[in-house]
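Structure, as structure tokens:
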Amino acid sequence: MGCQGSKQLEGDPLTPEMCETLKKVKFFKDLADEEIKMLSEGFVSISPPAENMLVKKGDKGRTYYVIHSGTVTILGDGFEVDLAAPKAFGEIALVKKNPVREVSVRVGKDGCVLLAMEYEAFNKLCEHEWMREAKRSMFRIANQRRSIMPKKVYQDMSEKDEE
């Protein structure tokens with residue numbers, strides 16, 4: 001199941017193992033194998049340097065990330081929360097064009113491998129009926145996360161297997 005990468009975001013195509021990681025994400029867990037294969041074509045694999053600031057609070061968001069391996073730290077106002085595979089973050093960037101990032105995200109001390117998808121690739125996939133429910137689910141979750149205190153949201157994500 002080799003996968004094509006996004007044209008805008010530079011990275012490597014996903015491996016079959018990475019496609020399996022997508023199946024573990026809450027938004028995509030009900031997709032059939034063929035749909036996962038098509039979905040994966042909108043993602044690329046990136047390996048940012050350890051302790052690199054991947055996302056900065058206040059910047060415009062365009063990319064959604066799924067953690068394939070390693071960890072990232074969510075940095076908010078007065079809190080830090082670690083996330084590991086197969087957690088995902090940045091869904092607001094897919095359902096709202098150019099939103100402002102509400103938290104910063106730093107790559108863990110041992111680095112990580114992330115599966116990344118940009119807004120344009122996601123919206124192209126939403127032309128498929130099977131992807132529309134995932135978008136509706138992302139929109140609902142994004143609105144819920146924005147309506148409650150960010151610290152609690154990210155602590156819940158790190159403690160539960162919600163994604």
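- Lys109 places none of its side-chain heavy atoms less than 4.5 Å from the side chain of Thr71.
- Inter-residue side-chain proximity for Met131 and Met38 is flagged as unmet; no heavy-atom pair is nearer than 4.5 Å.
- Minimum interatomic distance between Pro99 and Ala93 (heavy atoms only, all atoms of both residues): CG-CA, 3.7 Å.
- Contact between Ser47 and Val113 at its shortest, heavy atoms only, is OG-CG2, 3.7 Å.
- Residues Val66 and Leu22 meet the side-chain proximity criterion, which asks for heavy atoms closer than 4.5 Å.
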Could you walk me through whether Met117 and Leu39 pass side chain to side chain contact (heavy atoms under 4.5 Å, CB included), step by step?
CA-CA 10 Å; Met117 176 185 281; Leu39 172 70; 3.9 Å; yes
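- Side-chain contact between Leu114 and Val72 is present, with at least one heavy-atom pair separated by less than 4.5 Å.
- A donor-acceptor pair is defined here as one N or O able to donate and one able to accept, closer than 3.5 Å; such a pair exists between the side chain of Ser40 and the backbone of Lys37.
- For Asp82 and Thr73, the side-chain atoms include at least one donor-acceptor pair closer than 3.5 Å.
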Worked verdict on Val44 versus Asp12 for side chain to side chain contact (heavy atoms under 4.5 Å, CB included)
CA-CA 5 Å; Val44 294; Asp12 295 321; over 6 Å; no
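- A donor-acceptor contact shorter than 3.5 Å is absent between the side chain of Thr63 and the backbone of Ala116.
- Of all non-hydrogen atoms in Gly111 and Ala50, the two that sit nearest each other are N-CB, 3.7 Å.
- A heavy-atom distance below 4.5 Å is found between the side chains of Val25 and Tyr64.
- To the nearest 0.5 Å, the span separating CG on Leu54 from NZ on Lys56 amounts to 10.5 Å.
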Could you go step by step and tell me if Asp77 and Lys57 meet the side chain to side chain contact (heavy atoms under 4.5 Å, CB included) rule?
CA-CA 10 Å; Asp77 294 330; Lys57 181 179 178 177; 2.7 Å; yes
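- Under the 4.5 angstrom side-chain criterion for Ile, Leu, Val, Met, Phe, Trp and Tyr, the cluster partners of Met53 are Leu75.
- Ring orientation note: the planes of Phe89 and Tyr65 are close to parallel, at an angle under 30° on the 30°/60° scale.
- In summary, Arg62 and Glu118 engage in a salt bridge, as defined by a charged side-chain N under 4.0 Å from a carboxylate O.
- With rounding to the nearest 0.5 angstrom, the OG atom of Ser45 is 10.0 Å from the CG atom of Leu9.
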Derivation and outcome, salt bridge (Lys or Arg N to Asp or Glu O under 4.0 Å), residues Arg140 and Glu133:
CA-CA 11 Å; Arg140 282 191 303 274; Glu133 181 54 36; 3.3 Å; yes
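- With hydrogens and angles disregarded, a donor-acceptor distance shorter than 3.5 Å links the side chain of Arg132 to the backbone of Cys126.
- Side-chain contact between Asp59 and Val100 is absent, with no heavy-atom pair separated by less than 4.5 Å.
- The two atoms that bring Gly76 and Val103 nearest to each other are CA-CG1, 4.2 Å, heavy atoms only.
- Listed here is the closest heavy atom pair of Gly11 and Ile46: CA-CG2, 4.2 Å.
- The side-chain heavy atoms of Cys112 and Pro48, taken from C-beta on, include a pair separated by under 4.5 Å.
- Phe28 is connected to Met18 through a chain of hydrophobic side-chain contacts under 4.5 Å among Ile, Leu, Val, Met, Phe, Trp and Tyr, so both are in one cluster.
- You'll find the side chain of Leu14 stays beyond 4.5 Å of the side chain of Glu41, heavy atoms only.
- Cluster annotation: Phe139 is not connected to Tyr119 through the hydrophobic network of ILVMFWY side chains, with a link wherever side-chain heavy atoms come within less than 4.5 Å.
- Going from atom CD of Glu91 over to atom NZ of Lys26 covers 10.0 Å, rounded to the nearest 0.5 Å.
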May I have the step-by-step check of side chain to side chain contact (heavy atoms under 4.5 Å, CB included) for Ser104 and Val55, ending in yes or no?
CA-CA 5 Å; Ser104 295; Val55 170; 5.7 Å; no
